[in-house]
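So you know, we letter chains A, B, ... as the sequences are listed, proteins then strands, and number each from 1.
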Protein chains: 2
Amino acid sequence: MSVQERKERERAERERLIVATARELAEQQGWDAVTTRQLAERIEYSQPVLYSHFHGKREIIGAVALEGATEMAAAVRAATSAAEGPRARAAALARAYLDFAASNPAVYDAMFQLDGGLAFAVDDTPPPLKDAFAALLETLTEVAGEGVHPGLFTEVFWASLHGLATLARAGRLHPEFAERRVELLVDRLAVL
Amino acid sequence: MSVQERKERERAERERLIVATARELAEQQGWDAVTTRQLAERIEYSQPVLYSHFHGKREIIGAVALEGATEMAAAVRAATSAAEGPRARAAALARAYLDFAASNPAVYDAMFQLDGGLAFAVDDTPPPLKDAFAALLETLTEVAGEGVHPGLFTEVFWASLHGLATLARAGRLHPEFAERRVELLVDRLAVL
DNA sequence: TATCTTGTCTAGCGGTGCTAGGATCGAGTC
DNA sequence: GACTCGATCCTAGCACCGCTAGACAAGATA
């Protein structure tokens, strides 16, 4: 029994190592540099070991994405709970979201730009992703406005943030407008 | 003289063929299917011919992106000029933008998701891209609101549309809310 | 100690973007 | 009309990718 338990523990530990290494490598050199060979070398195992943990590279990206979703949900909740008043909470949410995207570009890519093989079909959406959306919903519901479906409003608000995050990082928007964009977005979308 | 002119004409024609074929193949089977081998076979030339026209695959993607930007600008202008009143024009712009993204996913990817090697550093941005932004600016300026920088407002509006377009296509948003999302976005962002 | 299962690695498959170097074709010249 | 020569194109191959079959060794079981 104990032997098997030890092995399972070691396996789980190695799996965490794979995900952490993939994430680290992606943040350092971009996802293009995250090849199975490079990744295998960094964890000091051969390539096939990766495939005994994940069905393919896509699943590794998906694992990084789920980790990121959990962290993003936490970051958003921490920021909103520290703010007072609906308007301030919505603004804090927006800034926390954009900060996370800017600070963890590779993770954000794994979540929304790359194919991590994650399902989004309402039912079998992984819990961390549902929870990240829920974190947005909690704060945004109070500024959705009368008679506006909170989920609908959250989708619009989220999409706007997503657009700002991706276009800003791609160098498509004027960097000096960053703060004013957030102000404008919150002012217009949020109903107090 | 005439011989050289004919050759240049044929070269230009072949270049158009390459871009058109890449675009067609991408729309049919996705950009993953657009390999240099597949592309070469479709135009009935060998691979190296591609490299006598473009420095690499990235440049071919960039060419498709520029073509798409021109078309999108035209589509937006056509839609807005057919609408009456600022609110109707802004709504028409939003729908035209989202329609274009939904109808030409591969082209939209070339423009905003893939690396087409296009510059965006204010000065050396290719004219078609500048013009596409200008097309948005023309209509959105009139609903930016008092004292709001039109360029800033356009960036925010555009980012929101971009977010809606990408998240919707990735299956991240509820399809049945599509029209209501546009209504909500225009209602909140546009100042009449 | 002998057996056997489990886990890991070596080697290799078919694919990718890209390119060096040889063959071929056609334009210009005698 | 034959010939030279330069432009043009293709064959073949490089290094890399994601992924996997099968040999092999280490460790648990008896």
Between [N] atom [atom2] and [X] atom [atom1], what is the distance in whole Å?
X: B:E10; N: C:dC25; atom1: CD; atom2: C1'; value: 14 Å
X: B:E41; N: D:dC9; atom1: CD; atom2: P; value: 18 Å
X: A:L25; N: D:dC17; atom1: CG; atom2: C1'; value: 15 Å
X: B:E15; N: D:dC9; atom1: CD; atom2: C1'; value: 17 Å

Listed by chain and number, what are the side chain to side chain contact (heavy atoms under 4.5 Å, CB included) partners of [X], not counting sequence neighbours?
X: B:R87; value: B:A91, B:E183, B:V186, B:D187, B:L192
X: A:P105; value: A:E27, A:R169
X: A:S81; value: none
X: B:D131; value: B:A73, B:R77, B:A134

Legend entry - Which residues share a ring pair (Phe, Tyr, Trp, His ring centres under 6.0 Å) with A:H55, sequence neighbours left out: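 For A:H55, no residue satisfies ring pair (Phe, Tyr, Trp, His ring centres under 6.0 Å) once neighbours in sequence are set aside.
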Legend entry - Listed partners of A:E10 passing salt bridge (Lys or Arg N to Asp or Glu O under 4.0 Å), at least two apart: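 Partners of A:E10 by the salt bridge (Lys or Arg N to Asp or Glu O under 4.0 Å) criterion, ordered by chain and then number, come out as A:R6.
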Distances for protein N or O near nucleotides 4-8 of chain C N or O, under 3.5 Å:
from: C:dT8; atom 1: OP1; to: A:R14; atom 2: NH1; distance (Å): 2.9
from: C:dT8; atom 1: OP2; to: A:R14; atom 2: NH2; distance (Å): 3.1

Legend entry - Set of side-chain hydrogen bond (donor to acceptor under 3.5 Å, both in side chains) partners for A:W31, sequence neighbours left out: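 Not a single residue meets the side-chain hydrogen bond (donor to acceptor under 3.5 Å, both in side chains) criterion with A:W31.
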Legend entry - Heavy-atom donor-acceptor pair, A:H174 side chain to A:F177 backbone, under 3.5 Å: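 No.
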Legend entry - Nucleotide-resolved protein contact map, nucleotides 15-22 of chain C, B/S/- at heavy-atom distance under 4.0 Å: -BBBBB--
